[in-house]
Structures are given as C-alpha cells and as structure tokens.
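Residue numbers begin at 1 in each chain, while the letters A, B, ... track the order of the sequences. Because the structure is predicted, anything quoted here is derived from the model rather than measured.
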Amino acid sequence: MPELPEVEVIRRDLEKEIVGKKIKKVEVRNTKNAMRAIRRHKRRKEFEDALAGLKITKIDRRGKYILTHLNGKILVSHLGMSGQLSLTKASAPQENHTHVVIHFTIGGQLRFVDPRTFGEMFVTEKGELGEVKELQNLGIDPLEQALTWQYFSKTLEEKKTKLKALLMDQKFICGLGNIYSDEILFAAGLRFDHPSNELSSQEVRRLYRAIQEILQEAIRFRGTSADDEQYKDLYGALGEFQTQLKVYQREGQPCRRCRTPVERARWSNRSTFFCPQCQV
DNA sequence: GTTTAACCCTGCACGC
DNA sequence: TGCGTGCAGGGTTAAA
C-alpha cells in the first residue's frame, strides 16, 4: 500500500511526465466503484468538466495526498490501499478497476485504478484547498525542514501514547503507514508499544534519525512492493525496498541483526512486526 | 485524552 | 471444483 515514499516516487515521476500537459477530456467510468472513487462529487460530469481543458502546472505532495495543480484548480488524489496511477498510451488495454481516465491533448492517458476503492480523487478550487478537512488536519511532513528535533521531542513527551500509534498519527507527522512505522521502529531499536513519553534523549534522537533515513532509503529504492496488492509506479514497475525490509512481513524469519525470529503482534486491528530482542 | 472497534471494499488463501 | 470465511489495510468516526 502506498505510503510516503511510494507517493513521493509517483509525485516526482508525475512532475517529470505531465507538468505542462493539457487535459483534453476526463472519463469517469459509469460504475458504482468509480462513483466511490470520486465520492465528493455528486455527478461524474461535475468532476469531468472541472478538469477538461486545463493545463497542469505543478505536482505537490502532502503526506499521502498528491496535489495536481491546474489553472485555478487542484486535483487531489489519495491512493488508499490499492490505488495506482498509471501513465499509458491510449491504445493500452484497460485494467480491471480503472475508475478514472485523464486524456491529454498530445496523446497518452493517466489512469486511476483502485480495486479496493479506499482511494479517491476530487477537484477543488485553488482558494478552497485550505478548507479540505483532511489536508487541514495533516501534521508535519517528515521530509520537510519543519520537522524539527524540538517539535518532535516535545510532542513525544506530551502525547503519552504508544510509539507506533504516534508514528501513524497523520495529525502528528503525515505519510507513515504500517510498513514504514515498523521499519523505523526497528531501525531505532524501539518496540511499537513503548510509551512515547518514556524515551531517553538518545532514544528520541535515534527515532528522529530513523524516520529520515528509512524514508530516504525507501525513496531511493523506489518504494516497497511487498504485499499481495503490489504497489506499482507510474510506469507499472515494482519498487525494490522490499529487499531491504528488516521486520515487516518477516514473521518467524531470523532478525537480520541478531537472528531471533521476528514476531508479529496484533495491535489496533493492524499487524505489527518487530524483533523481541533488538527492540525495547 | 487515549484506545479500540467498526466501517468502507476486493482479492486471495484457506478449510471443508 | 466450489463455496464460505477470514484477513489485509488507510483513514475516519463513534464508543468505551
């Protein structure tokens, strides 16, 4: 499932590929799930007409949201669990669960494919972006300069919650999901259920550094394609960070550091993977 | 304030 | 072979 690194890889590729292009027309499939994909719009036509004829000027990212800037408008996309943006020729066969197709004037298409329909797309006026609640609530992006050591350690101290809950809390820092929070906690040598306000300053520092390092590495490897729902980039290629995973989905396999079998715990309706020896 | 569970959904693995 | 069941997960919301 796409988390910050995957979304950032897609953002960078979109920036390279579609900035400057003009949208000829947009097609939303006439299916229940396609309507679910654009659920903030009452009618397909409203979404389609909002984008037709506009030129793409910039691609931004906030947490796991991709913001495609057009003249006066912004197309907001969230890939949910199984969403994929795919850049193809118009002649390429259409995959199952393709909900939205954006046609460019110079040819080629951007398709939104999402089997589990947790993802969505919507169009907003540029001036109204600040009113989108989900974006308002997002915390600091961990790759931005604004995530300072001071803010990070102060929040950990104040929150008094389990570390994994905090890492996955999009209102604190945005973009981390199940895979990267597990990998970050392993890299920092901390357990998922360690109380956030009971860390030494050295441990806080390790965690802070692990966030930056794991995310940068994952972007360098073009994201993780670990699950049955394999993440694919804009061109349909898989990421390669799964070869680097230390604990995620490695239950029963020896820890890469100490050989102790990796354990899996059920926490808050999610699986969490950790080394009982290396993480305290 | 924090934690848990349910909800939305589909594909897949599994057992019978 | 085929059916039913459980599970996976992101984000939100309601309840505990």
If the cut-off is 4.0 Å, is [X] near the phosphate of [N], judged by side-chain N/O to OP1 or OP2?
{"X": "His78(A)", "N": "dG11(C)", "value": "yes"}
{"X": "Asn33(A)", "N": "dT10(B)", "value": "yes"}
{"X": "Arg264(A)", "N": "dC7(C)", "value": "no"}
{"X": "Tyr231(A)", "N": "dG10(C)", "value": "no"}
{"X": "Lys64(A)", "N": "dG11(C)", "value": "yes"}
{"X": "Ser271(A)", "N": "dG9(C)", "value": "yes"}
{"X": "His97(A)", "N": "dC9(B)", "value": "no"}
{"X": "Arg270(A)", "N": "dG10(C)", "value": "yes"}

Identified side-chain hydrogen bond (donor to acceptor under 3.5 Å, both in side chains) counterpart of [X] within the set [options]:
{"X": "Asn178(A)", "options": "Glu3(A), Lys164(A), Gln249(A), Glu183(A)", "value": "Lys164(A)"}
{"X": "Arg36(A)", "options": "Thr31(A), Thr117(A), Asp114(A)", "value": "Thr117(A)"}
{"X": "Lys154(A)", "options": "Glu158(A), Gln150(A), Glu157(A)", "value": "Glu158(A)"}

Please verify the inter-ring angle class for Phe47(A) with His41(A); under 30° counts as parallel, over 60° as perpendicular, anything in between as tilted. perpendicular

Would you check if Phe118(A) stacks with the base of dG11(C), given a 5.5 Å centroid limit and a 30° plane limit, both strict? no

Using the 3.5 Å cut-off, write out each protein N or O paired with an N or O of nucleotides 13-16 of chain C and the distance between them.
residue: dT13(C); atom: OP1; partner: Lys133(A); partner atom: NZ; Å: 2.8

Geometric cation-pi criterion, Lys246(A) with Phe186(A): 6.0 Å, 45°: no

Interatomic distance where [atom1] belongs to [X] and [atom2] belongs to [N] [whole Å]:
{"X": "Arg39(A)", "N": "dC8(B)", "atom1": "CZ", "atom2": "C1'", "answer": "8 Å"}
{"X": "Glu158(A)", "N": "dG1(B)", "atom1": "CD", "atom2": "P", "answer": "12 Å"}
{"X": "Arg62(A)", "N": "dG11(C)", "atom1": "CZ", "atom2": "C1'", "answer": "18 Å"}
{"X": "Leu176(A)", "N": "dG11(C)", "atom1": "CG", "atom2": "P", "answer": "10 Å"}
{"X": "Asp169(A)", "N": "dG11(C)", "atom1": "CG", "atom2": "P", "answer": "11 Å"}
{"X": "Leu167(A)", "N": "dT3(B)", "atom1": "CG", "atom2": "P", "answer": "13 Å"}
{"X": "Phe172(A)", "N": "dT2(B)", "atom1": "CZ", "atom2": "C1'", "answer": "16 Å"}
{"X": "Glu120(A)", "N": "dC9(B)", "atom1": "CD", "atom2": "C1'", "answer": "14 Å"}

The complete set of ring pair (Phe, Tyr, Trp, His ring centres under 6.0 Å) pairs with one or both residues in residues 8-39 of chain A, sequence neighbours excluded, reads none

Is there a donor-acceptor pair closer than 3.5 Å between any side-chain N or O of Gln279(A) and the backbone N or O of Cys275(A)? yes

Output yes when Arg12(A) and Asp233(A) qualify as a salt bridge under the 4.0 Å nitrogen-oxygen rule, no when they do not. no

Please compare Thr161(A) and Thr117(A) by the position of their nearest nucleotide in DNA chain B and report the one closer to 5'. Thr161(A)

Whichever of Lys32(A) and Lys159(A) has its nearest DNA chain B nucleotide further upstream toward 5': Lys159(A)

Could you please name the option among dA8(C), dT2(B), dT12(C) that lies closest to any side-chain atom of Arg116(A)? dA8(C)

Any idea which of dT2(B), dG9(C), dG10(C) is nearest the Met81(A) side chain? dG9(C)

Quick one: salt bridge (Lys or Arg N to Asp or Glu O under 4.0 Å) partners of Lys22(A), sequence neighbours excluded? none

By salt bridge (Lys or Arg N to Asp or Glu O under 4.0 Å), Lys133(A) pairs with (sequence neighbours left out) none

Heavy atoms only, 4.0 Å cut-off, all strands: where does Asp114(A) land among base, sugar-phosphate and nothing? nothing

Which atom pairs link the protein and nucleotides 2-6 of chain C when you take only N or O atoms and keep those under 3.5 Å?
none

For Tyr65(A), which residues count as a ring-ring contact (aromatic ring centres under 6.0 Å, His included) partner, sequence neighbours excluded? His78(A)

